[in-house]
Each structure stands twice: as C-alpha cells, then as structure tokens.
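Input: a single structure, listed below in structure tokens.
Being a predicted model, the structure only gives us computed values, none of them experimental.
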Amino acid sequence: MTKRPVVLIIFDGFGIGAQNESNPIHVANPQNLKWLGENYPLTSLQASGISVGLPWGEVGNSEVGHLTLGAGKVVYQYYPKITMAIEDGSFYTNPVLKAACDHAKQNNAAVNFAGLLSKANVHASLQHLQKLVQMAEQEGVPRIKLHLFCDGKDSPPHTALEFLKQIPMDKVVSIMGRHYGMNRSDHWELTERAYQCMTGQFGDITTDPVPLIQEMYPKNLSEEFLPPHRMGDGKGIEDGDALVFFNFREDSILQIAESFALPGFDKFAVKPFTNLYVATFTRYSEKLSCPIAFPADAVEKPLGQVLAENGFTQLRLAESYKHAHVTFFFNGHREEPYPAEYRVLIPSLPTTHPEEHPELMAAPITDRLLEAIQNRGFDFVLVNYSNPDTIAHTGNYDACLETVKVLDEQLGRILKVVLATDTILILTSDHGNLEEVISPVTGEFETQHDANPVPFYMVAKEYKGRKFFNYSNLLHETTGVLADVAPTILELLGIPKPAEMGGRSLLKDLLP
C-alpha cells in the first residue's frame with residue numbers, strides 16, 4: 001500500500017450542461033478548469049435517477065450524492081422506498097405511523113405532520129404528506145394539524161400557491177419558509193421562531209397565507225423566507241398530541257426535530273411536554289431515540305471505514321452548510337468519526353442573501369486544504385465547496401457567473417500546490433445545478449437541481465496529456481456513476497475493494 005495522498009474535491013451542484021447561455025460555467029469560460037480538461041484525464045459520471053438509487057429520471061441531490069460517493073455502491077434511497085410502500089399498501093400499516101395515530105386517539109388529541117411543502121422530492125414529497133393525511137383520516141384520528149415549510153429552493157420559486165391547493169387548508173395550523181423551519185447552519189434563533197410558531201407561542205394569526213406569500217415576490221424573496229404564521233385558532237402542538245416529521249432527508253430537518261425530540265435539548269427554551277409522541281420518517285440523527293418509520297438500508301464498508309481499517313488518516317473539510325455531507329452522509333449515515341478521521345468546519349456566512357456573497361467560504365476552505373497538502377498530514381482529504389449549489393438556488397445569474405470565477409480562482413491555487421507535490425487530485429460533483437439555470441423550454445430561471453451528469457477530473461504530475469476518449473461529448477457519453485469514485489480512490493491508495501462496494505474503479509478506463 002502507498003501513502004501517496006489523494007484529495008477528493010466536490011464542487012457541490014456543478015454538473016455538465018449545454019454550451020449556451022443557460023450554462024453560467026460555459027459563459028464564464030473558467031480558464032483553469034478549461035486548461036485542466038485539455039491536459040488531464042476527464043470524463044463524466046451519472047449522478048441522478050437509478051444510478052444513485054432514485055426513481056428513473058429523478059434529479060440527484062447533495063445527500064444522495066455524498067452517500068453514494070462514500071458508499072461505493074448504489075444505495076436504495078428513501079424517496080422511492082416510501083413511495084413503493086404507498087403503492088403496495090404497507091405505508092398504511094406502518095407500525096410507527098399507526099402508533100402516532102393510536103396515541104392521538106387515546107388522548108383525544110391531534111396528530112401533527114411537519115415538513116417541507118414541495119414536489120421536488122429532495123427533502124420531502126407532497127404525495128407522502130397527502131397519504132399521511134389520508135391514513136390519519138382512515139384511522140379516525142380526532143384532529144389533524146399540518147405544519148408546513150414552504151420551499152422556493154428545490155422546487156421552482158413561486159410554486160407554493162400551487163402546492164397549497166393540493167392539501168386540506170383547514171388542517172394547516174402553522175406555515176413558514178424553510179429558512180426558519182429547516183435551518184441547518186446552527187442559526188438556532190431561526191429554529192426557535194419555528195418551534196414557537198409550531199407550539200402556538202409565536203407568529204401572527206392569518207386565515208389565508210396566499211396574500212402573505214404573494215407579498216414576498218416583489219421583495220425579491222421566494223416563499224423560502226416566509227415569516228412564521230399561525231392559522232386557525234392559533235393553537236399548535238399540545239400535550240397528548242403525536243408529531244410526525246415527514247421529511248425523509250435528514251440534514252435540514254434535524255435542528256427543528258431536535259427541539260422536540262432530543263433529551264436535554266438546551267439551545268433555547270422549549271415548551272415542556274409530558275405526553276408528546278414524536279416520530280420521524282427516517283433516522284435524522286443517532287442522538288435522537290424517537291421511533292423511525294422508514295429505517296435506512298445499511299451501508300457496510302463505506303470508504304471512510306475502509307481507510308480507517310487500513311491505518312490511513314483522513315481530513316473532512318467543508319463549511320458548516322455542507323458539513324454533514326462530508327461526514328454523516330459520506331460515512332454511510334454514521335455521525336462519529338472513524339479512527340484517524342479529522343474534521344474541519346468553516347462557519348458559513350449568516351446571510352439570507354448568499355447571492356450577495358458568491359465567494360462564501362471558498363478561500364478559507366482552500367487555505368486549510370493547501371495547508372493539509374503541504375504539511376503531508378493526511379492520506380485522504382475530502383473537501384466540499386458549496387458555492388455552485390448554494391448560489392444556483394438563489395436565481396441570480398450574475399452571482400452564478402461570479403461563482404464560477406471564484407471556484408476557478410481557488411482551483412488555480414490548488415493546482416499549483418498539487419502539481420508541485422506527489423498529491424493525486426480528483427475533482428467531481430454530487431449532482432447538477434449550476435450548469436443549467438435557465439430553462440431551455442420557458443427561458444425562465446431555474447433554481448432546482450437537474451439530472452445532468454457531473455465531471456470527473458484526475459490530476460497528478462504524471463497524468464498530463466492523457467485525455468480520455470469522451471472529452472468532447474461529456475454530456476451524452478458518461479463513463480460511470482458516482483458509486484465508482486470510492487473504488488477508484490481505493491485502487492489509487494493500493495487498498496483492495498471490499499465485496500460490499502458494487503462500484504468499479506475507473507483507472508483502467510482513464511489511465512489505460
């Protein structure tokens with residue numbers, strides 16, 4: 001086995017798109033990235049649909065992408081798993097969901113369903129919410145209360161009104177943007193406002209959220225930033241109730257879930273409950289001991305574990321916005337680090353307008369990365385740059401162009417150090433987004449992910465000039481899938497691929 005260091009960089013949400021104005025990467029014409037593709041092995045990988053365990057044609061996302069990259073195999077994802085349970089009827093007999101309904105009936109109370117109002121199927125599914133309401137009605141629950149977080153990020157902006165038409169509005173008791181209810185950057189003051197609204201302690205009461213949402217648009221804000229409001233009689237979650245969080249993606253729902261379900265929670269003052277049944281669709285955290293309706297398929301032998309078992313040191317580096325992706329998800333839903341796995345968290349900017357700061361924390365991340373390479377402190381380094389995905393979600397084209405320039409500048413810094421050492425660099429992404437921000441059909445700006453493939457670059461001093469055959473047709477001729485990245489890294493490090501990894505190494509293709 002060799003101790004030659006390998007660095008895996010994830011440009012989050014950086015796919016391969018058409019060579020036209022819809023693609024800020026093409027328009028910005030980044031010189032370092034262009035030089036890299038012209039001089040070193042480059043191919044493309046599938047990062048959506050069945051290739052990452054999602055339904056055919058379903059777009060990829062950061063959670064699924066990092067989970068697949070780390071697992072080295074295709075992992076059957078939550079969304080199709082839950083949807084199939086609806087189709088075969090087992091959803092309606094799920095013991096955790098039935099227990100929530102039984103608890104509400106026994107206490108003559110309500111069952112509360114809380115989560116993202118979205119059709120993007122990234123964090124939650126509108127269909128899943130509709131079926132939860134149907135199930136609760138069939139079970140004869142006394143009352144049903146809905147706590148909804150408007151999207152405007154993974155779903156196109158200005159779609160909340162359409163989604164609201166598809167749910168029973170008389171059951172909505174709190175509504176707000178995901179900026180409050182799904183904060184994942186430790187801005188607990190936002191989570192506190194969401195909690196207080198859901199428990200009937202905070203937020204103006206409205207009988208119709210439609211005008212409130214429409215007021216957001218002239219302010220250049222999507223429904224993502226809708227302030228918390230109560231509806232109906234203003235009463236929220238009460239003792240004796242049951243509460244089910246129906247998001248299936250774990251990261252963004254965790255803070256609000258902790259405020260209800262984490263023993264000893266102390267981030268802010270919580271309303272004391274003595275008889276509240278709390279359940280989650282999936283396992284949000286090992287710290288939570290509440291019932292889980294749909295446990296994850298196990299990931300045996302993820303890359304991090306294999307490296308640790310072979311005595312290799314690791315560094316995981318990201319800003320706080322994406323920290324869970326390079327740790328929890330990449331490690332196959334494991335929160336604790338493996339032996340000799342070290343983590344560096346760069347605090348994200350506390351802003352509601354990231355388009356005003358397209359640089360985000362890219363420069364500090366690069367600083368720490370270069371320090372790690374130059375000091376030869378780690379055998380494997382995993383880095384996430386959140387800029388492309390974060391800025392593409394804002395709907396600001398100029399900011400997208402600036403993001404490409406920022407990334408290219410950081411890449412230039414990295415290449416100088418990598419090519420001056422014996423480091424091997426792999427640059428790829430987890431899903432597409434930044435490369436297609438204008439709809440080819442409508443001409444309108446798109447903020448959601450797309451199903452495009454992602455690039456896969458390999459860089460080392462001796463690789464120069466070894467171009468791969470599909471260099472000129474990356475969008476339509478892919479070589480592999482995200483699950484192939486971990487086996488490739490293991491071969492580079494001289495470690496046999498475990499039988500649990502279903503992916504294959506790309507070295508024979510790229511370095512024949």
Side-chain angles (χ1 to χ4, degrees), residues 1-11 36-37 39-45 47 65-66 68-73 301-317 326 330-332 338-342 369-370 372-384 411 414-415 417-430 454-471 478-512:
M1 293 188 296
T2 178
K3 287 289 185 178
R4 187 176 183 182
V6 174
V7 174
L8 173 60
I9 293 179
I10 310 297
F11 276 1
L36 195 61
N39 289 277
Y40 290 88
L42 164 63
T43 188
S44 54
L45 306 176
H66 284 79
T68 307
L69 285 165
K73 69 174 184 178
K301 296 288 184 179
L303 179 62
Q305 179 180 343
V306 178
L307 295 178
E309 290 175 348
N310 284 271
F312 282 67
T313 57
Q314 307 176 58
L315 173 65
R316 309 294 179 84
L317 174 59
V326 299
F330 195 83
N331 283 352
Y338 289 106
E341 177 194 322
Y342 300 89
L369 171 60
L370 297 185
I373 296 174
Q374 291 167 329
N375 292 338
R376 287 297 302 268
F378 301 94
D379 303 309
F380 173 70
V381 181
L382 170 62
V383 190
N384 179 291
L411 180 59
I414 296 167
L415 289 175
V417 174
V418 166
L419 296 175
T421 65
D422 63 347
T423 303
I424 300 173
L425 169 66
I426 293 176
L427 171 61
T428 188
S429 182
D430 51 349
V454 298
F456 183 88
Y457 298 84
M458 284 188 58
V459 187
K461 289 183 291 187
E462 68 272 25
Y463 297 167
K464 189 173 183 180
R466 303 177 74 170
K467 295 170 64 174
F468 193 54
F469 79 92
N470 73 334
Y471 167 74
T478 55
T479 302
V481 298
L482 292 186
D484 297 331
V485 174
T488 303
I489 292 171
L490 289 178
E491 184 172 357
L492 287 170
L493 292 170
I495 302 175
K497 185 188 77 168
E500 291 82 356
M501 284 190 181
R504 65 183 185 89
S505 172
L506 300 170
L507 292 191
K508 291 181 180 180
D509 292 322
L510 295 176
L511 302 174

**Message:** Between K73 and E500, does the salt bridge (Lys or Arg N to Asp or Glu O under 4.0 Å) criterion hold? Intermediate values first, please.
**Reply:** CA-CA 8 Å; K73 69 174 184 178; E500 291 82 356; over 6 Å; no

How long is the straight-line distance from [atom2] of [Y] back to [atom1] of [X], given to the nearest 0.5 Å?
X	Y	atom1	atom2	result
L482	I10	CG	CD1	8.0 Å
R376	T313	CZ	OG1	9.5 Å
F11	N384	CZ	CG	10.0 Å

Taking all heavy atoms of [X] and all of [Y], pick out the closest pair and write down the distance.
X	Y	value
S429	L69	O-CD1, 4.3 Å
G304	Y338	C-CD1, 3.6 Å
F380	R316	CE2-NE, 4.5 Å
M501	A486	CE-CB, 3.9 Å
L370	V417	CD2-CG2, 3.7 Å
L8	I489	CD2-CD1, 3.9 Å

**Message:** Between V7 and I373, does the side-chain contact (heavy atoms from CB on, under 4.5 Å) criterion hold? Intermediate values first, please.
**Reply:** CA-CA 9 Å; V7 174; I373 296 174; 4.1 Å; yes

[X] side-chain N/O to [Y] backbone N/O, donor-acceptor pair under 3.5 Å:
X	Y	answer
R4	I424	no
T428	P455	yes
K301	G72	no
T478	S44	no

**Request:** Sequence neighbours left out, what passes ring pair (Phe, Tyr, Trp, His ring centres under 6.0 Å) with F378? Give chain and number order.
**Result:** Y342

**Message:** Suppose we screen for ring pair (Phe, Tyr, Trp, His ring centres under 6.0 Å). Which residues come up paired with F330, at least two apart in sequence or across chains?
**Reply:** none

Is there a side-chain contact between [X] and [Y] (heavy atoms, below 4.5 Å)?
X	Y	answer
Y40	L425	no
P41	R466	yes
L45	V485	yes
L307	L493	yes
L506	L511	no
M458	L507	yes

**Message:** For L317 and V326: C-alpha separation, side-chain torsions, deciding distance, then whether side-chain contact (heavy atoms from CB on, under 4.5 Å) applies.
**Reply:** CA-CA 7 Å; L317 174 59; V326 299; over 6 Å; no

**Item:** side-chain contact (heavy atoms from CB on, under 4.5 Å) between L427 and L36, intermediate numbers included
**Value:** CA-CA 10 Å; L427 171 61; L36 195 61; 4.3 Å; yes

**Asked** With sequence neighbours left out, which residue pairs that include part of residues 480-493 fulfil the side-chain hydrogen bond (donor to acceptor under 3.5 Å, both in side chains) condition?
**Response** E491-S505

**Prompt:** Can V481 and T68 be said to form a side-chain contact (heavy atoms from CB on, under 4.5 Å), step by step?
**Reply:** CA-CA 9 Å; V481 298; T68 307; over 6 Å; no

**Fill in**
Checking I426, V381, L369 against I9 for side chain to side chain contact (heavy atoms under 4.5 Å, CB included), the one that qualifies is L369

**Asked** In a check of side chain to side chain donor-acceptor pair (under 3.5 Å) between N331 and each of H66, E341, Q314, which one passes?
**Response** E341

